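Nothing fancy with the numbering, it's 1 onward along the sequence. From a predicted model like this one, the values you see are computed outputs, not experimental measurements.
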Amino acid sequence: MTAFWAEPDYDAHELVQVVHDRASGLTAIIAVHSTHCGPSAGGTRFWHYNDPAAAMRDCLRLSRGMSYKNAMAGLPMGGGKAVILADEQRIKTPEMLAAFGDAVEALGGRYVTAEDVGITEADMVAVAQRTAHVSGLPVAGEGSAGGDPGPFTAYGIYLGIKAAVRHKLGKDSLAGVHVAVQGTGSVGGGVARLVARDGANLMLADINADRAAALAAELGAVAVSTDAIMATPCDVFSPNALGAILDDAGIAALDCAIVAGGANNQLAKPQHGAVLAARGILYAPDYVINAGGIISVATEYLARREGRNVDVAEVNALVEKIPGRLESIWQESEASGVSADVVADRMAQKLIGRG
Ligand code: NAD
């Protein structure tokens, strides 16, 4: 295995810790990329990797991504991430979660954890028995923010789509605008409902065809096949399922003016941002437009540290700043001729003191 600091994804991370707890069988990696803006925040992924080097790469890449995302969201938080290496049976025990909580606690607040793939709210409640540096805990009461970040992510994407339509098409309303949504889960379903409420002409696709069909019936939308959604003629293509869909073939297939959706890591390779721009397609950088969830999670954490609950209106007010950030990226991109994804990366690097 290559030393982690020789990995291409190692980017002068402040701390990379491998946690091993013999009694529970826990093996985890915690990577703190940057605490320049505040305590590093990012979820814990529970995943089976065939190769531990792949787990290290994932953790390094994702923690750097969180530095960029949190900085661009205007949060007083840095970027970090944890990966728990699951065995083939993906056995997760209370003892493992307790040992993981102890490891987070030992970092004294330099890393704040939350849910990611394979980790539930109940798991975070278990981790919270051992450390205060946890977020994404159950909602405290009526009108309080917290819990599932999906609706806040969807709200930010909806606002980002409206900003893109205004910027690219000169329209102040989504009425009659054709929007194609890939993935109708927590985020995509929320986006679909919000744009439909504004009168958009909606097309939906999901590998869970029943889910897409039910939502289409509810919203008066058209369900299309997952193979066809990227090539569907539309104004806005909104990817809310998988990453790495914007590769050479995917971009060539697009028949849209705007790509604006919540899926993480949409560009298959860094150069695909420029390929999109060369086609004249306006791109909303994924980690800027999909920051609503982390805004909710981080605000919940910071409020709890102050001994208060945070309400939905307070989180929404922060999510409502996403369109302004996108607009400044697009303006800078047009002024400089540099693609929007690179402009966003440069802005983020400056914010974390690495510009
Ligand atoms: P989810 O599991 O609730 O929904 C994903 C949906 O995509 C599912 O309905 C699934 O069937 C569908 N899907 C999978 N492969 C597909 C394909 N090839 N074509 C069409 N549909 C497909 O997940 P989610 O929470 O809605 O997250 C969606 C994306 O947004 C992910 O990339 C996630 O990393 C990203 N994201 C989510 C949040 C959040 O707050 N949940 C925040 C930031 C980013």
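- The NZ atom of K162 sits 7.5 Å away from the OG atom of S173 when rounded to the nearest 0.5 Å.
- In this structure, CG on L97 lies 11.0 Å from CG on D102, to the nearest 0.5 angstrom.
- Between atom CG of residue L26 and atom CD of residue E95 there is a gap of 11.0 Å, rounded to the nearest 0.5 Å.
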Q) Please walk me through it: do V179 and L174 pass side chain to side chain contact (heavy atoms under 4.5 Å, CB included)? A) CA-CA 9 Å; V179 181; L174 294 183; 5.5 Å; no
Q. Given the rule in the side chain to side chain contact (heavy atoms under 4.5 Å, CB included) test, do H33 and S40 qualify, once you have shown the distances and angles that lead to the verdict?
A. CA-CA 7 Å; H33 176 254; S40 72; over 6 Å; no
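- By the 4.0 Å N-to-carboxylate-O rule, R193 lies close enough to E218 to be salt-bridged with it.
- Each of I119, T131, I30 was evaluated against F100; a single residue qualifies, I30, per the side chain to side chain contact (heavy atoms under 4.5 Å, CB included) test.
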(Q) The test is salt bridge (Lys or Arg N to Asp or Glu O under 4.0 Å); show your working for R166 and E327 and say whether it passes. (A) CA-CA 10 Å; R166 201 176 307 120; E327 184 56 41; over 6 Å; no
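- The ring-ring contact (aromatic ring centres under 6.0 Å, His included) pairs that include a residue from residues 155-184 are H167-W330, where partners are two or more places apart or lie in different chains.
- Classification of D286 and K69 as a salt-bridged pair fails, no side-chain N sitting under 4.0 Å from a carboxylate O.
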Q: Could you walk me through whether T35 and E14 pass the side chain to side chain donor-acceptor pair (under 3.5 Å) test, one step at a time?
A: CA-CA 8 Å; T35 56; E14 289 179 19; 2.7 Å; yes
Q. Does the pair I29 and L85 meet the rule for a side chain to side chain contact (heavy atoms under 4.5 Å, CB included), with working shown?
A. CA-CA 8 Å; I29 303 168; L85 284 78; 4.1 Å; yes
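- Atoms CE and CD1, on M347 and I352 in that order, are 14.5 Å from each other to the nearest 0.5 Å.
- Salt bridge present: K92 and D123 bring a charged side-chain N and a carboxylate O closer than 4.0 Å.
- Salt bridge annotation for R61-D58: present, with a cationic side-chain nitrogen under 4.0 angstrom from a carboxylate oxygen.
- S34 is listed as a side-chain neighbour of R354, based on a closest heavy-atom distance under 4.5 Å.
- With contacts defined as side-chain heavy-atom distances shorter than 4.5 Å, the pair L276/L267 qualifies.
- Of all heavy-atom pairs between A71 and A348, the closest is CB-O, 4.4 Å.
- Across all their heavy atoms, K168 and G280 have their closest contact at NZ-O, 2.7 Å.
- In this structure, the side chains of V32 and K81 stay at 4.5 Å or more apart for every pair of heavy atoms.
- Of the N and O atoms on the side chains of Y287 and D345, at least one donor lies less than 3.5 Å from an acceptor on the other residue.
- No side-chain heavy atom of D247 sits under 4.5 Å from any side-chain heavy atom of I245.
- In terms of heavy atoms, V297 sits closest to S135 at O-OG, 2.5 Å.
- No side-chain heavy atom of D235 sits less than 4.5 Å from a side-chain heavy atom of V165.
- Ring geometry for Y10 against F4 counts as perpendicular: the plane angle is over 60°, on a 0 to 90° scale with 30° as the lower cut.
- Heavy-atom minimum distance, V319 versus G292: CG2-CA, 4.0 Å.
- The backbone N or O of E115 lies less than 3.5 Å from no partner atom in the side chain of E121, so there is not a single donor-acceptor pair.
- In this structure, W47 is a member of the same hydrophobic cluster as L60, with clusters built from ILVMFWY side-chain heavy atoms closer than 4.5 Å.
- For the residue pair I329 and A344, the shortest heavy atom distance occurs at CD1-CB, 3.9 Å.
- Donor-acceptor pairing under 3.5 Å is lacking for the side chains of Y111 and Q17.
- Remark: side-chain polar atoms of R304 are paired, donor with acceptor, to backbone N or O of V134 under 3.5 angstrom.
- There is no path of hydrophobic side-chain contacts, each under 4.5 Å, that joins L254 to I258.
- Sorted by first and then second residue, the ring-ring contact (aromatic ring centres under 6.0 Å, His included) pairs with a member in residues 333-355 form an empty list; sequence neighbours excluded.
- Atoms CD1 and CZ, on I157 and F152 in that order, are 13.5 Å from each other to the nearest 0.5 Å.
- Looking at R57 and E7, a side-chain N of the basic residue comes within less than 4.0 Å of a carboxylate O on the acidic one, giving a salt bridge.
- One finds the OG atom of S339 at 13.0 Å from the CD1 atom of I281 (value rounded to the nearest 0.5 Å).
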Q.
Assess the residue pair M203 and V181 against the criterion (side chain to side chain contact (heavy atoms under 4.5 Å, CB included)); give the C-alpha distance rounded to whole Å, side-chain angles, the decisive distance to 0.1 Å, and a yes or no.
A. CA-CA 6 Å; M203 288 141 294; V181 176; over 6 Å; no
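- The closest donor-acceptor contact from the side chain of R346 to the backbone of G355 lies at 3.5 Å or more, if one exists at all.
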(Q) side chain to side chain donor-acceptor pair (under 3.5 Å), that's the test. Do H272 and D341 meet it? Break it down for me. (A) CA-CA 9 Å; H272 287 115; D341 57 306; over 6 Å; no
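- Under the 3.5 Å distance criterion, the side-chain polar atoms of D198 are left unmatched by any main-chain donor or acceptor of A200.
- Looking only at distances, no side-chain donor or acceptor of N240 sits under 3.5 Å from a matching main-chain atom of V191.
- Note: the hydrophobic cluster containing L159 also contains V312 (ILVMFWY, side chain heavy atoms under 4.5 Å, direct or indirect links).
- With hydrogens and angles ignored, the 3.5 Å screen pairs a side-chain donor or acceptor of S333 with a backbone N or O of V338.
- Between the side chain of S63 and the main chain of G80, no donor-acceptor pair closer than 3.5 Å is present.
- At least one donor-acceptor pair under 3.5 Å links the side chain of D206 to the backbone N or O of T184.
- Between the side chain of S238 and the backbone N or O of A260 there is at least one donor-acceptor pair closer than 3.5 Å.
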Q | Full working for side chain to side chain donor-acceptor pair (under 3.5 Å) between T113 and H133 | A | CA-CA 6 Å; T113 195; H133 307 299; over 6 Å; no
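- Taken together through direct or relayed side-chain contacts under 4.5 Å among Ile, Leu, Val, Met, Phe, Trp and Tyr, I295 and L326 form part of one hydrophobic cluster.
- Counting heavy atoms from C-beta outward, P138 and V125 have side chains that approach closer than 4.5 Å.
- A continuous path of Ile, Leu, Val, Met, Phe, Trp and Tyr side chains, each step under 4.5 Å between heavy atoms, connects L242 with F237, placing both in one hydrophobic cluster.
- Between L137 and Y301 the shortest side-chain heavy-atom distance does not fall below 4.5 Å.
- Remark: R308 CZ is packed, more than 12 non-hydrogen atoms of other residues, nucleotides or ligands lying under 6.0 Å away.
- Closest approach of G261 and I289 over heavy atoms only: O-CG2, 3.3 Å.
- One finds no salt bridge joining R305 and E300 here, because no Lys/Arg side-chain nitrogen approaches an Asp/Glu carboxylate oxygen to under 4.0 Å.
- Using a distance-only test at 3.5 Å, with no hydrogens or angles considered, no donor-acceptor pair links the side chain of D21 to the main chain of A99.
- Here the side chains of T44 and I84 are in contact, with some heavy-atom distance below 4.5 Å.
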